[in-house]
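Below is one structure; the comments refer to it alone.
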Amino acid sequence: MDISYAIGSDHAVAAAVTIGVQDLRVRDVSLATGPVRFPYVPGLLAFRELPLLLEALAGLPAPPEMVMCDGYGIAHPRRFGLACHLGLLLDRPSFGVAKTDFVAGHDEPGARRGQWSVLAEGDAILGRAVRTRTGVKPVYVSVGHRVSLGDATDLTVRLSPRYRIPEPTRQADIVSRQELRRGPS
DNA sequence: GCGACAG
DNA sequence: ATCTTGTCGC
């Protein structure tokens, strides 16, 4: 899942891309275009992106077994980020993979692909900083709904065979912005 | 009070 | 998130 935005307007395009975990190939693609009415406020991302993301998901020929979000799950100020909203609303397993640190502090994970460190706040373990590529900045994984942190971590690494960003999110980013630039306004 | 702040 | 080309490095 991902959304691309146009500058100076509320125009945006959301993309839902399903990837086969076995062959890592794109299965289905669904796009949703429309105005975004909620501003970007750190901590309230779900209220901004949820409507268009749900619309894109509804357009898929078959519901995905697992939903990977571009953002956080429970590693959130109120322990309920975008991935939690999506998973709960769809009653589907979900988790989030964010590109930058947000709330929890963490140690630097090992440099090798697959290595990770804990994202924690006090006694609460909120997620993991996961290295998807050796020697490259980690991504931040946290649980959304009905999935373990271990499974979310494994899927994130398996779905990132070549780039830092996992294939589902990467493909969704590519097709959404491609569609955005294809027909602006 | 100040800084930081998913996308 | 978005505006942008080349360039440094493995």
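Within every chain, numbering begins at 1; the chains are lettered A, B, ... in the order of the sequence lines, protein sequences first and strands thereafter. Computed from a prediction, not measured in an experiment: that's the story for all the values here.
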Aromatic ring of A:Tyr40 stacked on base six-ring of B:dG7, 5.5 Å, 30°: yes
Under 4.0 Å between any heavy atoms, over every strand shown, what does [X] touch: base, sugar-phosphate, or nothing? Just pick one.
{"X": "A:Gly43", "answer": "base"}
{"X": "A:Tyr5", "answer": "sugar-phosphate"}
{"X": "A:Leu53", "answer": "nothing"}
{"X": "A:Ile7", "answer": "sugar-phosphate"}

Proximal nucleotide (of C:dT2, B:dG7, B:dC5) relative to the A:Arg177 side chain: C:dT2
Side chain of A:Lys99 (C-beta onward), nearest among B:dA6, C:dT2, B:dG7: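 Out of B:dA6, C:dT2, B:dG7, the nucleotide with an atom closest to A:Lys99's side chain is B:dG7.
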Could you list the protein-to-nucleotides 6-10 of chain C atom pairs, N/O on both sides, closer than 3.5 Å?
none

Pairwise distance CZ(A:Arg146) to CG(A:Asp151) - rounded to 0.5 angstrom: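 The CG atom of A:Asp151 is 15.0 Å from CZ of A:Arg146, to the nearest 0.5 Å.
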Pairwise distance OG(A:Ser117) to CZ(A:Arg131) - rounded to 0.5 angstrom: 8.0 Å
Rounded distance in Å - CD1 (A:Ile3) to C1' (B:dG7):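 It works out to 9 Å between those atoms.
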Parallel, tilted or perpendicular: rings of A:Phe38 and A:Phe47 (30°, 60°):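 Judged by the thresholds at 30° and 60°, the geometry between A:Phe47 and A:Phe38 is tilted.
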Plane angle bin for A:His85 and A:Phe80 - parallel if under 30°, tilted between 30 and 60°, otherwise perpendicular: perpendicular
Residues A:Asp2 and A:Arg170 bridged, charged N to O under 4.0 Å: no
